[in-house]
Colleague: 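If you scroll down you'll find the structure; I have some questions about it.
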Amino acid sequence: MPAIRRTSLADQAAELLLARIQSGEWPIGTKLPGETTLAPMFDVGRSTMREAIRQLAGRGILVTRQGSGVFVESLDEARTEWDRVLQRVHITAVLEARLAIEGEAAALSATRRTPTDLDTIRSSLELRNAARGDAVDLVNADMAFHRSIVVASHNDILLGLFDSMAPRLRDAMIDMLRIAGAFGDKADHDTHADVVEAVAARDSQRAHALTRAHLLELSESMDRNGRGT
């Protein structure tokens with residue numbers, strides 16, 4: 001007869017926090033509220049909440065960035081073999097995969113998006129536009145924007161692939177922006193706005209073409225700024 005497993009408060013808090021993350025309350029790239037805010041939400045003490053966060057960080061769900069806070073890194077347990085592949089390959093290979101994933105997702109979202117999807121995409125664009133002043137904030141907002149379009153494709157495989165590559169992409173893009181010293185000019189915002197309008201107009205070919213052109217330009221920009229592996 002199997003023994004009854006007693007879970008600690010920290011274990012329970014970790015599972016509840018994970019469930020809320022996976023429900024979409026805090027998307028990948030989002031900074032979590034502080035312990036003093038989270039603890040009352042889960043009716044536990046700060047030390048218990050701290051342990052729950054530590055557990056999820058150890059499982060690859062959360063990441064602590066010194067001086068910045070705790071961020072959502074993944075929606076699933078760390079996939080060590082796939083993670084090793086992503087860390088080993090040149091960032092160019094990741095961007096090439098992104099071209100395939102997001103180009104197709106943009107085309108599908110133009111035909112499948114719901115009014116709610118479109119509202120989310122437009123809200124994400126506004127948040128992206130408001131985050132131009134800081135490299136980390138811009139990249140987090142940018143990833144959330146692009147994810148909203150992938151979500152609107154209603155293809156779980158494309159979404160899973162995007163989420164698996166997001167941490168590798170985020171780190172490379174933050175480095176690139178810091179080297180370039182440019183944090184989202186008007187032309188960059190207009191490019192993203194054009195993608196939104198193509199999705200809104202259900203123009204799948206234009207949504208695909210605009211997304212592909214943008215990502216190609218991003219890849220070239222990374223090459224110009226000397227991105228390595």
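Numbers here simply count residues along the sequence, with the first being 1.
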Colleague: With no hydrogens and no angle check, do the side chains of His192 and Asn129 hold a donor and an acceptor under 3.5 Å apart?
Modeller: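 His192 vs Asn129: no donor-acceptor pair found between side chains.
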
Colleague: Can you check whether Ile28 reaches Arg170 side chain to side chain, under 4.5 Å on heavy atoms?
Modeller: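 Yes, their side chains come closer than 4.5 Å.
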
Colleague: Identify all side-chain donor-acceptor contacts of residues 37-48 below 3.5 Å with residues at least two apart in sequence or on another chain.
Modeller:
none

Colleague: May I ask you to test the Gln55-Asp11 pair for a side-chain heavy-atom distance under 4.5 Å?
Modeller: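 Yes; the side chains approach each other to less than 4.5 Å.
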
Colleague: Are Arg113 and Ile149 packed together at the side-chain level, in the sense that at least one heavy-atom pair is separated by less than 4.5 angstrom?
Modeller: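 Not touching, per the 4.5 Å side-chain cut-off.
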
Colleague: For a 4.5 angstrom cut-off between non-hydrogen side-chain atoms, does Leu215 reach Glu102?
Modeller: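 They are in contact (side-chain heavy atoms under 4.5 Å apart), so the answer is yes.
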
Colleague: Are Phe145 and Leu127 packed together at the side-chain level, in the sense that at least one heavy-atom pair is separated by less than 4.5 angstrom?
Modeller: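 Phe145 does not reach Leu127 side chain to side chain.
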
Colleague: Hey, does Ile61 have a side-chain heavy atom less than 4.5 Å from the side chain of Leu75?
Modeller: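 In short, these two side chains do not touch, never coming nearer than 4.5 Å.
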
Colleague: Which heavy-atom pair separates Leu56 from Ala14 by the least distance, and what is that distance?
Modeller: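 Closest heavy-atom pair between Leu56 and Ala14: CD1-O, 3.7 Å.
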
Colleague: Look at the side-chain heavy atoms of Ile, Leu, Val, Met, Phe, Trp and Tyr, link any pair under 4.5 Å apart, and say whether Leu159 and Leu108 land in one connected group.
Modeller: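 In one cluster with Leu159: Leu108, yes.
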
Colleague: Taking only residues two or more places apart in sequence or in another chain, which ones pass side-chain hydrogen bond (donor to acceptor under 3.5 Å, both in side chains) with Glu25?
Modeller: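 By the side-chain hydrogen bond (donor to acceptor under 3.5 Å, both in side chains) rule, Glu25 matches Arg20.
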
Colleague: Are Arg98 and Phe162 in a cation-pi setup, meaning NZ or CZ lies under 6.0 angstrom from the ring centre and within 45 degrees of the ring axis?
Modeller: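 No, Arg98 does not lie over the aromatic ring of Phe162.
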
Colleague: Tell me the closest heavy-atom pair linking Ala106 and Val199, and the distance in Å.
Modeller: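 Looks like O-CG2, 4.3 Å.
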
Colleague: Report yes or no: do Met49 and Leu16 belong to one cluster of Ile/Leu/Val/Met/Phe/Trp/Tyr joined by side chain heavy-atom distances under 4.5 Å?
Modeller: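 In one cluster: yes.
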
Colleague: Anything under 30° is parallel, anything over 60° is perpendicular, the rest tilted; go ahead and classify His146 against His214.
Modeller: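 Rings of His146 and His214: parallel, under 30°.
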
Colleague: According to side-chain hydrogen bond (donor to acceptor under 3.5 Å, both in side chains), who are the partners of Glu73, at least two apart in sequence or on a separate chain?
Modeller: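 Checked Glu73 against side-chain hydrogen bond (donor to acceptor under 3.5 Å, both in side chains); zero matches.
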
Colleague: Under the side-chain contact (heavy atoms from CB on, under 4.5 Å) test, which residues partner Glu197, sequence neighbours left out?
Modeller: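 side-chain contact (heavy atoms from CB on, under 4.5 Å) check on Glu197 returns Arg122, Ala200.
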
Colleague: Can you find a heavy atom in the side chain of Lys31 that is under 4.5 Å from one in the side chain of Val72?
Modeller: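 Result no, sub-4.5 Å side-chain heavy-atom pair not found.
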
Colleague: Can you list every side-chain hydrogen bond (donor to acceptor under 3.5 Å, both in side chains) pair that touches residues 200-210, not counting sequence neighbours?
Modeller: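 Sorted result for residues 200-210: empty, none.
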
Colleague: Under a 3.5 Å threshold, yes or no: a donor from one side chain and an acceptor from the other, between Asp119 and Thr116?
Modeller: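 Absent: no donor and acceptor within the cut-off.
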
Colleague: Could you tell me which residues satisfy side-chain contact (heavy atoms from CB on, under 4.5 Å) with Glu96, sequence neighbours excluded, listed by chain and number?
Modeller: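 Partners of Glu96 under the side-chain contact (heavy atoms from CB on, under 4.5 Å) test: Thr92.
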
Colleague: Counting only heavy atoms from other residues, nucleotides and ligands, does the tally under 6.0 Å from CZ of Arg212 exceed 12?
Modeller: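 Count not over threshold, so no.
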
Colleague: Which pair of heavy atoms, one from Leu210 and one from Asp194, lies closest together, and at what distance?
Modeller: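 For Leu210 versus Asp194, the nearest heavy atoms are CD1-O, 3.6 Å.
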
Colleague: Taking C-beta and beyond as the side chain, do Met143 and Met173 meet within less than 4.5 Å on heavy atoms?
Modeller: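 A side-chain contact under 4.5 Å exists here.
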
Colleague: Quick check: closest heavy atoms across Ala110 and Ala207, and the distance to 0.1 Å?
Modeller: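 Shortest heavy-atom contact: CB-CB, 4.3 Å.
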
